[in-house]
Amino acid sequence: MTALAKLRGFREFGPDEMALRNHVFSRWRAVACGYGFSEYDGPPLEPLALYAEKSGDEIAGQLYEFVDRGDRRVALRPEMTPTLARMLGSRGRAMAKPIRWFSIPQLFRYERNQRGRLREHFQLNADIVGEAAVAADAEVLAVAVDAVRALGLGPADFTARVNDRRLVVAVLGALGVPSAAVGGCLEALDKAERTGPAASRQRLEALGLSSAQAEDLLGLAAAGAGSLDDLKRRFADAPEVLATAAPLEEHACLLEAMGLGAYAEFDFTVVRGLAYYTGIVFELFDRAGELRAICGGGRYDGLLGRLGGDPLPAVGFGMGDVVLGELLRERGLAPDGPPSFDFFVIWLEEAQRPLALEACRRLRKAGGSAVCALRPRSMRKHLAMAARSGARRAVVIGPDEAAAGAATVRDLETGEQERVALESLLPGGVARSPAGLANAGTGPESAHGEGDR
RNA sequence: GUGGGCGUAGCUCAGUCGGUUAGAGCGCCGGAUUGUGGUUCCGGAGGUCGCCGGUUCGAAUCCGGUCGUCCACCCCA
């Protein structure tokens, strides 16, 4: 629109959106911390070269890059892994393994926006570095699943599709696919669901597969195509396939033991676009299949070394806040709105104003939240305003109350009210009331102010 | 980056065949003789019809461009 308009693909967070964002972040943090992960962060602006090599052309083509005033080629970070790799490169050697780190970076990609895809988003990243065992893969997926579950979504709402790139490669080998065509086949598999069988088949044959081979492969990729056991029976005479299926079996077994069996399923078409994954990969989707991926991740054992750090094995995921937020709103799981506050303090005449201001001060000092009327108004107006402001209770200090050294406290939900002495309303009285301070907060965040009085 | 749908008040939209000062509902602000709320009634603010240009006596309306937005591709969170 005008030169002053918000840039496309960027977001503004009014109180409602901010409430949702804070809600999501706080649950993400709680889950990651619950698994013993430590939070870290890095610079949002990085040298372009950090992304030039590694991520491959896919992300490089979407970099939000420019030249700064010092003629440096820089980019807003499109992902967190290179930053993580650098941070570990300089201090990871000295750290006890495995390293469990998480972050909630704001990331930027210069792409055309669409539902669930903007130029800016927040992403929960959790990685385990320095452990090659499948247990680390399973644990990382468990963090991802729990991060979504903690927001109120269950097995009917979302699922994790799991696969292993090594298995796909082995299957292609068993089918006699020439090794030159393997990369192309991975891409075709990744897109099979969207492009449809006819187009996929064409694509595979263009890669040099026979029509029988293409047929076989698409059969494995067909929707709801069967379990890992089916695949093993099918390739019972191919030791490579059986061997590469073992990690996935252990993975499934571990998730089952963690009580998350209902959330994970084998899916031969999940190979992930990014070229750096080396083993087990996974994606989280809404069950209805209406939205884009909520989360994607997997094992990337070669990457840290290639980025110049120690060649440590690593596994991790990224979970965006945009698609997840859409899903939460759709399911009515977003918070109602900005948090409400405890007291709206009303005074009727100028003479009571100092009493009201003093009452507010003491209520806040006691850990409550209070708003004082800014102007004289009619009682009717004051109460209407208090009700719409989001306050839980109104405190009235008019001439009658002032003369009696009292205040009227009205519950704005029930309409019940009582007159209390000014002193007992103030810190002591609030603390005594069971419905008062103990529940004064609105969530985990509100715990901050309460301790330091 | 490629192709397509859509841009009228803060929001949802109406606006006839091109015709004078562009409308409604919700929301917002104020009031209904100053101590009890989200109801009702009255009043008010708020729009260069996304922007620029063209056609026309005359454009919210037709045409072109542009920007924004949404969808598909691409890619991915």
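Quick caveat, the model's predicted, so the values are computed rather than measured. Residue numbers begin at 1 in each chain, while the letters A, B, ... track the order of the sequences. Basis for what follows: all heavy atoms, side chains included, without hydrogens, waters or symmetry-related copies.
A/A391 pairs by the side chain to side chain contact (heavy atoms under 4.5 Å, CB included) definition with A/F341, A/F344, A/S389, A/L412, not counting sequence neighbours. With sequence neighbours left out, the side chain to side chain donor-acceptor pair (under 3.5 Å) criterion links A/E350 to A/R353. Remark: A/R77 engages A/D41 in a salt bridge (charged side-chain N to carboxylate O under 4.0 Å, His left out) (not counting sequence neighbours). For A/A404, the side chain to side chain contact (heavy atoms under 4.5 Å, CB included) test picks out A/A406, A/R419, with sequence neighbours left out. With sequence neighbours excluded, the residues satisfying salt bridge (charged side-chain N to carboxylate O under 4.0 Å, His left out) with A/R166 are A/D164. For A/D286, there are no salt bridge (charged side-chain N to carboxylate O under 4.0 Å, His left out) partners, not counting sequence neighbours. Under the salt bridge (charged side-chain N to carboxylate O under 4.0 Å, His left out) criterion, A/R119 pairs with no residue at all, not counting sequence neighbours.
A/L167 contributes atom CG, which lies 5.0 Å from atom CZ of A/F266 (distance to the nearest 0.5 angstrom).
Atom C1' of B/C74 sits at a distance of 40 Å from the matching atom of B/G15, rounded to the whole Å. For the P atom pair drawn from B/A24 and B/A9, the interatomic distance equals 14 Å after rounding to whole Å. Rounded to whole Å, the separation between the P atoms of B/U12 and B/G3 comes to 29 Å. For the P atom pair drawn from B/G25 and B/A14, the interatomic distance equals 16 Å after rounding to whole Å. Between the C1' atoms of B/C75 and B/U2, the separation comes to 14 Å (whole Å). Comparing B/U34 with B/C49, their C1' atoms are spaced 44 Å from each other, to the whole Å. With both ends at atom C1', the span from B/G58 to B/G19 equals 7 Å, rounded to whole Å. Nucleotides B/G7 and B/G46 place their P atoms 26 Å apart, quoted to the nearest Å.
Atom CD in A/E17 sits about 13 Å away from atom C1' in B/G10, given to the nearest Å. Summarising the geometry, the separation between CG on A/D321 and C1' on B/C76 is reported as 14 Å, rounded to the nearest angstrom. Rounded to a whole Å, the CG atom of A/L324 is 10 Å from the C1' atom of B/A77. Regarding A/E79, its CD atom lies at a distance of 16 Å from the P atom of B/C75, rounded to whole Å. Counting to the nearest Å, the C1' atom of B/C75 and the OH atom of A/Y276 are 13 Å from each other. Distance A/R117 CZ to B/C75 C1': 9 Å, rounded to the nearest Å. Note: CZ (A/R8) to C1' (B/C70) measures 11 Å, nearest angstrom. For A/E326 and B/C70, the CD to P distance is 10 Å, given to the nearest whole Å.
At the phosphate of B/C29, neither OP1 nor OP2 sits under 4.0 Å from any side-chain N or O atom of A/R375.
Stem regions annotated for RNA chain B: B:1-7 with B:67-73, B:10-13 with B:23-26, B:28-32 with B:40-44, B:50-54 with B:62-66, counting only runs of 3 or more consecutive pairs of Watson-Crick or G-U type with both contacts under 3.5 Å.
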Side-chain donor-acceptor distances from residues 140-152 of chain A under 3.5 Å, at least two apart:
residue	atom	partner	partner atom	Å
A/D146	OD1	A/R149	NH1	2.9
A/D146	OD2	A/Y35	OH	2.5
A/R149	NE	A/Y263	OH	3.2

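Figure legend: cation-pi geometry between A/R165 and A/Y277 absent, as NZ or CZ is not positioned both under 6.0 Å from the six-membered ring centre and within 45° of its axis.
A donor-acceptor pair shorter than 3.5 Å cannot be found between the side chains of A/T408 and A/Q417.
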Nucleotide by nucleotide, nucleotides 32-40 of chain B touches protein heavy atoms under 4.0 Å in the pattern (B base, S sugar-phosphate only, - none) ---BBBBB-
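Nearest-nucleotide assignment on RNA chain B puts the 5′-proximal partner with A/G9, out of A/G9 and A/L284.
Contacts of A/L107 with the nucleic acid, taken as non-hydrogen atoms under 4.0 Å apart, are absent. As judged by a 4.0 angstrom heavy-atom cut-off over every strand, A/G325 is placed among residues making no nucleic acid contact.
The existence of a salt bridge linking A/D157 and A/R287 is excluded, since no basic side-chain nitrogen approaches an acidic carboxylate oxygen closer than 4.0 Å. The pair A/E413-A/R393 fails the salt-bridge criterion, with no side-chain N (NZ, NE, NH1 or NH2) lying under 4.0 Å from an Asp/Glu carboxylate O.
Contacts between residues 119-127 of chain A and RNA chain B, defined by a heavy-atom separation under 4.0 Å, are made by A/H121, A/Q123.
Closest heavy-atom contact between A/L254 and A/A135: CD1-CA, 3.6 Å.
A/W347 is listed as a side-chain neighbour of A/P376, based on a closest heavy-atom distance under 4.5 Å.
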Return the polar atom pairs (N/O with N/O) between nucleotides 71-74 of chain B and the protein under 3.5 Å, or none.
residue	atom	partner	partner atom	Å
B/C71	OP2	A/R115	N	2.4
B/A72	OP2	A/Q114	OE1	2.8

